[in-house]
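Below is one structure; the comments refer to it alone.
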Amino acid sequence: MKNRTKLWVIMLISAVSSLVLFILLSIVVGSIWAKGYNLEKLNSISRETLNLIEQQSALDANNIHPLLDSVHSRNPDLRLEWIAPDGTVIYDTLGETGRYDFKQLVDRMVNMPNNLWGTDEPVSLVYSLDQYGQSYYLLLSLPSEAMQEGQYFFYARTNKVIYTLILPFLLSALVPYLLSLWFFSSINRRIGKLNKALNHVNFQSDVIVLDDKSKDEIGQLTRHYNEMAHRIHSQTGQIKQFDNRRKLLLSNLSHDLRTPLTLILGYAETIRAGAYKDEDELQSGAKIILQRSRYMDNLLDQLLDISRQDEDLLELRFTLHNLSDMMRQIVADYLLILDGQDFTVEVDIPDRDVKIALNAPLIERAFRNLLDNAIRYGSEGHFLGIGLTEEEEEVYITIKDRGRGIAPEDQGRIFERFYRVDGGRRSDGFGFGLSIVREIVESHHGSVQLSSTPYRETLFQVSLPKKQSGYRNDD
Ligand code: ADP
């Protein structure tokens, strides 16, 4: 849930709960504050009184007086009257005697429900008791202020309501306050954690992984932080490895340059001093100087390649090319190189045009790198397979050899810069060729797959999308 939605929900909950709380508390506090009578209470007093009266042997003044006196002493607000069937007052708490006629009794009852709400008239109730075949009456009267309903009304009229309502009001006003406090402190706590974890991100220490499953903005931010921290951590590891390999490369390079240079210097010195035995020795010395110089030239070319590579990828321009044509031309070069060598070359490139948008020099470089590797590292298999297939959305370039192959543990890393399977032992390369291939192919939004079974088949497959975003293949 988004924070905005959460805030709305909290506001709604706090409004409803404070209203409910206010009503409940008002009722509780009101009932504690207003201790008056209600009809239920009066009914139960009269029922009890009538029960006691019923148990008397005679309903004359002698029996009734002490009984009703004791009820009155417990309820001093009540006026109790015991009336005989003919209207004669047998008992009255006020001590009045006499006899009620019909009109007097009815007058007592007129407008009675309204009296509950606090008029000056008393509230009167009549209960009857049938005894010895005749009806006796118990008359209960009390001032309207002694009624609970009357008291609510009375308090409302006299501002005393403030005292009964102030506590519920304060408590219910606390609810939204407490809920918002909880909401903001929980947001604060989560931001604090995020802040601490972000401060902790550096190249030395491990990342702090935060656990926040919430779907709101902070939850999303936390998940982004986790991903970012992991990325930084793994990239730091890669940078360290990269740096180690760079150092290894430099030491290998100085060794790779020093060894031929020592040879070149030695033979050059021999030739200069004329210290060779015969023409054959001179020729073989010159040949070694030539070979080693070419080797060094090749190394320096590769070094230049490394520095040029990033620039080329930055200024990438696509043009429409016939890939089958381009591949056929390159393959023709290699057939010349391999001519006379014990190599079977299998070429499967369609005769028709396969037109795709690409950066021709870069794709050619990638293709040549793969071919060079297949010839250099797969020579034991004496086989080179080159293929091009076209599908609806993509084209696939495959280069196969049957050499010693690449072990599964190296396959994942072989495309990293400066990674060499032999761990840096002397070889012609810097472990840069395949990383160039991958970077070029990915810059074309394609991918490179590798599968290898030693001496059976080592296959590099490059897939390239036929359409490049930002470039329209119109023809
Ligand atoms: P290098 O410049 O050393 O050739 P690459 O990135 O081209 O670097 O290749 C990295 C490593 O992968 C090489 O050192 C080699 O051991 C291995 N490799 C590449 N292609 C093949 C292949 N076709 N068969 C066996 N090993 C290969």
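Order of listing sets the numbers, starting from 1, for every ligand and every atom in it. We use all heavy atoms of the structure for the numbers below, so side chains are in, but hydrogens, waters and symmetry mates are not.
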Check D372 with R368, please: is the shortest side-chain N to carboxylate O separation under 4.0 Å? no

N/O of F460 under 3.5 Å from N/O of ligand 1, yes or no? no

Establish, from distance only, whether the side-chain atoms of N75 and Y37 form a donor-acceptor pair under 3.5 Å. yes

Minimum side-chain heavy-atom gap D348-I386 below 4.5 Å: no

So, regarding R376 and ligand 1 (criterion: nitrogen or oxygen to nitrogen or oxygen, under 3.5 Å), is there a contact or not? yes

Is N373 in polar range of ligand 1, meaning some N or O pair under 3.5 Å apart? yes

Where does L434 meet ligand 1, judged by heavy-atom distances below 4.0 Å: at the side chain, the backbone, both, or neither? both

Are any of the side-chain nitrogens in E390 or R352 under 4.0 Å away from the carboxylate oxygens of its partner? yes

Could you say whether the N/O atoms of D401 and ligand 1 ever approach to under 3.5 Å? yes

I need the contact type for F415 against ligand 1. Using non-hydrogen atoms and a strict under-4.0 Å cut-off, is it side chain, backbone, both or neither? neither

Between H321 (side chain only) and I356 (backbone N and O only), is there a donor and an acceptor less than 3.5 Å apart? no

Non-hydrogen atoms of I406 versus ligand 1: any pair closer than 4.0 Å? yes

Does a side-chain N-to-carboxylate-O contact under 4.0 Å join R190 and D212? yes

Is there a heavy atom in G405 that sits closer than 4.0 Å to ligand 1? yes

Compute the shortest N/O to N/O distance between Y377 and ligand 1 and return yes if it is under 3.5 Å, no if not. yes

Using a strict cut-off of 4.0 Å, indicate which atoms of ligand 1 neighbour a heavy atom of Y419. 10 (C)

Show the atoms of ligand 1 that are less than 4.0 angstrom away from any heavy atom in F432. 2 (O), 6 (O), 8 (O)

Less than 4.0 angstrom from a charged side-chain N to a carboxylate O is my criterion; do E227 and R223 meet it? no

Measure the shortest side-chain to side-chain distance between I363 and L464 over non-hydrogen atoms and say whether it is less than 4.5 angstrom. yes

Which atoms of ligand 1 are found less than 4.0 Å from any heavy atom of V421? 12 (O), 14 (O), 16 (O), 17 (C)

Atoms of ligand 1 under 4.0 Å from any heavy atom of I414, numbered from 1 in the order shown, are 12 (O), 17 (C)

Check the pair S435, F415 against side-chain contact (heavy atoms from CB on, under 4.5 Å), reporting the backbone distance first and the verdict last. CA-CA 5 Å; S435 75; F415 293 98; 5.6 Å; no

